[in-house]
There are 2 protein chains.
Amino acid sequence: MPFRIKIPRSTIERLPLYYRCLNLIEEHGIEEISSQVLGVRVGVDPSVIRKDLAWFGELGKRGVGYNVTYLKEAIARILGLDREWPFILVGAGKLGMALAEHNRKYGRHFHLVGVFDRDPAKIGLEVGGMQIRPMEDMPLLIKEKDVKIAMVAVPAEEAQKVAHELVKNGIKGILSYAPITLSVPPDVLVYNADYNLDLQRLAYYISNEGEQTWGE
Amino acid sequence: MPFRIKIPRSTIERLPLYYRCLNLIEEHGIEEISSQVLGVRVGVDPSVIRKDLAWFGELGKRGVGYNVTYLKEAIARILGLDREWPFILVGAGKLGMALAEHNRKYGRHFHLVGVFDRDPAKIGLEVGGMQIRPMEDMPLLIKEKDVKIAMVAVPAEEAQKVAHELVKNGIKGILSYAPITLSVPPDVLVYNADYNLDLQRLAYYISNEGEQTWGE
DNA sequence: CTTTGTGAACTGCTTCACAGCC
DNA sequence: GGCTGTGAAGCAGTTCACAAAG
């Protein structure tokens with residue numbers, strides 16, 4: 001009977017930060033790193049890093065630290081980055097097109113396999129190395145390429161409808177740039193990339209500079 | 001002697017979600033809303049919403065709910081959205097330009113007052129209703145317009161240098177699209193908009209579908 | 001002597017349940 | 001009856017401190 005441990009959500013949120021940093025450190029030719037030093041680099045307390053990593057076994061060496069390449073690859077495996085993830089983009093406006101181009105240049109682990117738009121005038125145009133296709137082609141492509149992830153960069157009014165369609169066709173993760181809360185079943189995960197959310201949070205903390213307090 | 005209460009970070013993270021949703025609800029002409037119904041709309045438990053709002057006084061009416069417009073405006077005030085925030089963009093690549101254009105169309109509360117790029121070939125080009133300017137112009141503009149917020153959309157190699165410069169000139173909040181962890185003083189806040197982080201988190205949860213568990 | 005891995009204490013957020021008010 | 005505001009209970013994540021290992 002296999003024992004199974006629930007990993008804290010906050011641990012999973014941080015792993016990509018570690019991964020991103022380790023790639024950079026590896027490029028610099030550094031082979032070993034302590035939770036102390038890594039902590040400074042990613043802006044996370046060393047004991048948090050150790051606790052996070054400990055969930056997945058003994059990844060470090062006591063008295064020494066972590067082997068950079070080994071740790072990097074371990075995290076990649078944990079996150080599921082030991083394979084390529086196909087994803088699609090819905091919405092080929094300015095933002096969508098920029099994301100597609102960006103992915104073509106810098107994308108690793110995730111590669112764009114289809115761009116869709118509702119606007120007939122855009123069908124056939126090239127973006128991110130792909131031709132823009134009509135929404136009707138989406139179901140088949142998702143099935144053929146076994147796509148699980150979608151980026152959504154359509155206007156607010158369309159976004160919920162698009163989300164519905166994606167979910168219906170088997171998409172399990174959505175990265176949404178639309179300025180609304182998408183309603184999806186519990187087995188589908190949505191991350192909000194609407195930058196206004198972050199700008200507003202920044203505004204709060206800057207308004208209440210220093211003292212994150214309220215009242216008088 | 002004024003009493004001051006520390007607001008939980010998680011409360012502040014959620015307020016923009018409420019705000020975004022309330023704007024939509026208001027447009028639909030709905031005047032009153034219960035935490036129950038709002039909760040379904042934003043995907044947050046009603047008691048969480050009530051606790052969040054209670055930090056800022058009695059914003060609702062018992063037995064009735066919350067007045068949509070009143071609550072919306074209260075949250076705006078809390079977040080500091082009762083004024084316009086000027087911000088600058090550093091990095092006029094494809095992504096930066098798309099963000100600038102997007103802000104011009106949809107931006108409220110935050111308006112772009114300057115776009116900067118290191119590349120001499122780009123200086124003078126128009127983007128988001130602004131002309132791209134050289135980095136050297138940045139300090140003066142920040143001072144003149146009292147800018148506190150910056151978006152950074154430059155390559156990884158440049159990002160830390162840019163962050164340093166921004167901080168040196170008084171920027172207090174950074175929304176960074178660069179794929180690195182920026183190191184800044186404790187009085188400066190950075191949000192990571194690097195979409196690879198979210199894609200990797202999605203990959204984890206999809207890989208471990210249903211059971212967010214580990215071990216065997 | 002260094003640094004990890006980890007139980008125990010602590011902190012902070014969420015959930016619960018209900019008193020207070022409409 | 002309905003819904004908010006809120007103390008109390010419960011839970012999850014962080015911090016601490018140190019034993020274990022190189």
Side-chain angles (χ1 to χ4, degrees), chain A residues 3-15 17-18 22 25 30-72 74-75 78 186 201 211-215, chain B residues 3-15 17-18 22 25 30-72 74-75 78 186 201 204 212-215:
Chain A
F3 73 92
R4 296 195 154 273
I5 310 152
K6 192 176 181 306
I7 312 296
R9 175 159 290 261
S10 38
T11 293
I12 302 305
E13 299 286 309
R14 282 187 295 263
L15 288 180
L17 294 173
Y18 305 158
L22 287 165
I25 291 166
I30 296 161
E31 289 180 9
E32 300 283 341
I33 193 159
S34 65
S35 59
Q36 178 67 239
V37 176
L38 183 58
V40 174
R41 292 289 215 106
V42 293
V44 172
D45 187 274
S47 61
V48 170
I49 296 181
R50 293 204 300 277
K51 261 255 150 68
D52 282 344
L53 298 178
W55 289 108
F56 305 101
E58 306 216 350
L59 301 174
K61 280 197 187 63
R62 298 180 193 216
V64 182
Y66 300 89
N67 176 290
V68 173
T69 302
Y70 178 74
L71 182 58
K72 192 200 80 171
I75 292 177
I78 293 162
R201 290 162 189 152
E211 13 116 39
Q212 283 96 334
T213 53
W214 198 265
Chain B
F3 72 92
R4 297 196 155 269
I5 309 153
K6 191 176 181 305
I7 312 296
R9 174 161 290 259
S10 38
T11 292
I12 302 306
E13 299 287 308
R14 281 187 295 264
L15 288 181
L17 294 174
Y18 304 158
L22 287 166
I25 290 165
I30 296 162
E31 289 180 9
E32 300 284 340
I33 194 159
S34 64
S35 60
Q36 177 67 237
V37 175
L38 182 59
V40 173
R41 292 290 216 106
V42 293
V44 172
D45 187 273
S47 62
V48 170
I49 296 182
R50 293 204 300 279
K51 260 258 152 65
D52 283 343
L53 298 178
W55 289 108
F56 306 101
E58 306 215 350
L59 301 174
K61 280 198 188 64
R62 300 179 192 216
V64 182
Y66 300 88
N67 177 289
V68 173
T69 303
Y70 178 75
L71 182 56
K72 192 201 78 170
I75 293 177
I78 293 163
R201 289 160 190 154
Y204 172 82
Q212 284 97 333
T213 52
W214 198 266

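In the text below, chain A, chain B and the rest are named by the order of the sequence lines, each starting its count at 1.
Comparing Ala54(A) and Asp45(B) by the nucleotide of DNA chain C whose heavy atom lies nearest to each, the residue mapping closer to the 5' end is Ala54(A).
Rounded to a whole Å, the CG atom of Leu38(B) is 20 Å from the P atom of dG2(D). Protein atom CG of Leu71(B) is 10 Å distant from nucleotide atom P of dT4(D), rounded to whole Å. Rounded to an integer number of Å, the gap from CG of Asp52(A) to P of dT4(C) is 13 Å. As rounded to whole Å, 18 Å separates atom P of dC13(C) from atom CZ of Arg50(B). Distance, Ile49(B) CD1 to dC16(C) C1': 16 Å, rounded to whole Å. A straight line from CG of Leu53(A) to P of dT6(C) spans 11 Å, rounded to a whole angstrom. Between the CD1 atom of Ile12(A) and the P atom of dG13(D) there is a distance of 11 Å, given to the nearest Å. For the pair Gln36(A) CD and dC1(C) C1', the computed distance is 15 Å after rounding to whole Å.
Within the nucleic acid shown, Leu59(A) comes within 4.0 Å of sugar-phosphate atoms alone, with no base atom in reach, counting heavy atoms only.
The side chain of Thr11(B) contributes no N or O atom lying less than 4.0 Å from OP1 or OP2 of dC13(C). Look at Ser35(A) and you won't find any side-chain N or O under 4.0 angstrom from OP1 or OP2 of dT3(C). The phosphate of dG2(D) has neither OP1 nor OP2 within less than 4.0 Å of any side-chain N or O from Ser34(B). Side-chain nitrogen and oxygen atoms of Arg9(A) include none within less than 4.0 Å of the OP1 or OP2 phosphate oxygen of dT14(C). Distances shown here put a side-chain N or O of Tyr66(B) below 4.0 Å from the OP1 or OP2 atom of dG5(D).
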Handout entry: CA sep, side-chain torsions, deciding dist, call: Tyr204(B), Thr11(A), side chain to side chain contact (heavy atoms under 4.5 Å, CB included)
Key = CA-CA 11 Å; Tyr204(B) 172 82; Thr11(A) 293; over 6 Å; no
Practice task
Take Leu38(A) and Ile25(A) through the test side chain to side chain contact (heavy atoms under 4.5 Å, CB included) and record every step on the way to the result.
Solution key: CA-CA 9 Å; Leu38(A) 183 58; Ile25(A) 291 166; 3.9 Å; yes
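Closest approach of Trp55(A) to Ile7(A), counting heavy atoms only: CB-CD1, 3.9 Å.
Picking from dG5(D), dG5(C), dT14(D) the nucleotide with the shortest atom distance to the side chain of Arg62(A) gives dG5(C). Closest to the Glu58(B) side chain, of the nucleotides dT15(C), dT4(C), dG5(D), is dG5(D). With dT6(D), dC16(D), dA17(D) as the candidates, the nucleotide lying closest to the side chain of Lys51(A) is dC16(D).
Here side-chain hydrogen bond (donor to acceptor under 3.5 Å, both in side chains) pairs that include residues 33-43 of chain B, with residues two or more places apart or in two chains, are Ser35(B)-Arg50(B).
Here the side chains of Glu32(B) and Asn67(B) are in contact, with some heavy-atom distance below 4.5 Å.
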